[in-house]
S.K.: 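Input: one structure, supplied below.
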Amino acid sequence: MVIASIVMEVGIVWLVRAAWIASILPMLIASIPSSKLTSFHQLVLGFAGRGKILHLSSQKWTVPQKYFAHFYVVGAAWTTLLLATTWMYACKTAPLSSEEFHLSDIASHLTGGSHVFSFHKSHMTPVEHRFKVWRAVFLLVLMEIQVLRRLIESFYVFNFYTVAPLSLCVNVAPEVARFAASLMAEFIAKGKGHTSAPEFDILSALSPLMKLGWSQLIGGVIFLWGWLHQRCCHAILGSLRENPSQAKEYIIPHGDWFEIVSSPHYLAEIVLYLGLLIASGGTEITIWLLHGFVVGNLTLAAGETHRWYLRKFENYPANRNAIFPYVY
């Protein structure tokens with residue numbers, strides 16, 4: 001049973017990692033400056049691009065925007081299911097008491113050991129494992145905030161929002177799945193009338209999140225910083241289409257991070273995923289791969305968007321970069 005559990009955990013972890021690696025490799029190849037790869041670059045950009053930078057050849061592979069809401073509902077429902085199940089599992093099996101947290105040890109618990117931002121995990125004590133479970137809950141709370149906001153504001157999503165939440169809790173996903181399966185089995189065996197109702201104490205459910213340390217606090221602040229700027233930039237873009245007479249016109253956006261880069265909403269997304277990476281403690285390869293995919297995908301799209309702006313507007317601000325201020 002123990003061996004099967006380990007095999008299951010390793011299988012899920014590497015399946016998710018393989019998915020991110022398979023997504024990142026084409027972007028790395030397309031970034032090689034070679035004329036022989038021009039067609040491949042256009043193909044990759046066809047999948048990374050969106051909106052006005054979509055090539056005609058790739059538009060047949062895109063989904064009409066009116067159907068995006070369906071994908072976002074699925075993404076939000078999946079994230080909510082993961083969050084609710086993991087949170088319930090944490091409350092039932094991974095309680096944290098104040099006595100277990102000493103100021104001298106909090107940094108070690110926070111990052112999963114003394115190897116800060118290392119890909120090597122040390123042997124975990126039960127307390128460290130419980131901390132890992134609650135850290136997954138914290139990361140899923142941040143992802144829930146992001147997914148629900150995107151669902152409400154723009155109805156824009158793709159399969160990324162099903163794999164990304166799983167990546168944030170992939171190391172505890174097998175045990176959470178077994179926990180959910182045991183609850184379902186109990187319900188089926190005993191029936192609704194004989195199944196004990198789950199006890200819920202809001203204080204017990206929230207207090208462990210208040211005991212998380214500096215990397216979660218710093219990561220959460222960076223996440224919210226990117227989140228707020230992305231919300232602001234989306235509002236600016238939305239305001240450009242408020243006048244029906246301008247529905248088919250393109251206007252140079254101004255305000256917030258638009259004053260320094262052409263795609264500040266992409267930059268903000270990279271920032272908020274950097275917050276997730278820091279909040280995770282930097283020890284999980286899967287979350288590094290998730291962030292690498294976000295950076296690569298959005299950098300490709302932002303570069304093409306910037307070139308489109310330069311072609312479209314003769315008076316486009318010369319001080320703006322594509323996505324990274326003063327760099328690219």
Side-chain angles (χ1 to χ4, degrees), residues 6 9-10 12-14 16-17 19-21 24 79 82-83 85-87 89-91 93-147 163-176 205-227 269-295:
I6 295 174
E9 178 175 351
V10 172
I12 292 177
V13 169
W14 281 103
V16 174
R17 290 176 181 175
W20 289 126
I21 292 172
I24 292 171
T79 305
L82 278 177
L83 173 60
T85 308
T86 306
W87 205 331
Y89 171 76
C91 290
T93 66
L96 292 177
S97 62
S98 301
E99 298 77 34
E100 291 169 335
F101 285 83
H102 303 286
L103 291 178
S104 59
D105 298 328
I106 188 64
S108 177
H109 291 315
L110 194 63
T111 57
S114 59
H115 304 287
V116 181
F117 288 92
S118 167
F119 292 146
H120 303 286
K121 292 191 298 182
S122 61
H123 177 70
M124 285 191 173
T125 66
V127 174
E128 289 171 334
H129 180 73
R130 281 179 272 161
F131 188 90
K132 182 180 72 171
V133 173
W134 279 103
R135 187 172 61 195
V137 173
F138 180 75
L139 294 173
L140 287 171
V141 168
L142 296 181
M143 177 58 74
E144 181 81 357
I145 293 172
Q146 170 68 354
V147 172
V163 185
L166 181 59
S167 299
L168 299 177
C169 64
V170 68
N171 284 334
V172 299
E175 55 197 88
V176 173
L206 294 177
S207 61
L209 296 178
M210 302 298 105
K211 298 171 185 174
L212 300 179
W214 285 107
S215 67
Q216 277 71 54
L217 177 60
I218 294 172
V221 169
I222 293 175
F223 174 91
L224 291 176
W225 181 46
W227 189 90
E269 183 126 350
I270 290 174
V271 169
L272 66 87
Y273 276 95
L274 175 62
L276 288 173
L277 176 61
I278 293 173
S280 74
T283 60
E284 301 295 341
I285 297 177
T286 309
I287 301 181
W288 280 95
L289 291 172
L290 164 61
H291 190 256
F293 172 81
V294 170
V295 173

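Because only heavy atoms are used, hydrogens play no part in the values below, and waters and symmetry mates are left out as well, while side chains stay in. Just so it is clear, the structure is predicted and the values come from calculations on it, not from any experiment.
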S.K.: Taking all non-hydrogen atoms of both residues, which atom of I287 and which atom of S280 are closest, and how far apart?
M.R.: CD1-CB, 3.4 Å
S.K.: Report the C-alpha separation of L290 and L168 in whole Å, then their side-chain angles, then the decisive distance to 0.1 Å, and conclude whether the side-chain contact (heavy atoms from CB on, under 4.5 Å) test is met.
M.R.: CA-CA 9 Å; L290 164 61; L168 299 177; 3.9 Å; yes
S.K.: Below 4.5 Å, heavy atoms only, C-beta onward: do R135 and T283 meet side chain to side chain?
M.R.: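 A side-chain contact under 4.5 Å exists here.
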S.K.: Using every non-hydrogen atom in the two residues, find where V137 and L83 come nearest and quote the distance to one decimal.
M.R.: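 It is O-CD1, 3.8 Å.
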S.K.: Measure across A279 and G220 and return the closest heavy-atom pair with its distance rounded to 0.1 Å.
M.R.: CB-N, 4.5 Å
S.K.: Please name all residues satisfying side-chain hydrogen bond (donor to acceptor under 3.5 Å, both in side chains) with T86, sequence neighbours left out, ordered by chain then number.
M.R.: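 T86 satisfies side-chain hydrogen bond (donor to acceptor under 3.5 Å, both in side chains) with no residue once adjacent residues are dropped.
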S.K.: Tell me whether the rings of W87 and W134 are parallel (<30°), tilted (30 to 60°) or perpendicular (>60°).
M.R.: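 Perpendicular, since the angle between the ring planes exceeds 60°.
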S.K.: Indicate the atoms forming the closest heavy-atom contact of A136 with C169, along with that distance.
M.R.: CB-CB, 4.0 Å
S.K.: Listed by chain and number, what are the side-chain hydrogen bond (donor to acceptor under 3.5 Å, both in side chains) partners of T286, not counting sequence neighbours?
M.R.: R17
S.K.: Can you tell me how far CG of L224 sits from CG of L142, rounded to the nearest 0.5 angstrom?
M.R.: 6.5 Å
S.K.: With sequence neighbours excluded, tell me which residues meet side-chain contact (heavy atoms from CB on, under 4.5 Å) with L272.
M.R.: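 L272 satisfies side-chain contact (heavy atoms from CB on, under 4.5 Å) with Q146, F223, Q230 once adjacent residues are dropped.
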S.K.: Taking all atoms of both residues into account, what is the closest heavy-atom pair of T79 and L140, and its distance?
M.R.: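 Shortest heavy-atom separation between T79 and L140 comes out as CG2-O, 4.4 Å.
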S.K.: F138: what forms a ring-ring contact (aromatic ring centres under 6.0 Å, His included) with it, not counting sequence neighbours?
M.R.: none
S.K.: Could I get the full list of side-chain contact (heavy atoms from CB on, under 4.5 Å) partners for L274, not counting sequence neighbours?
M.R.: L277, I278, H291
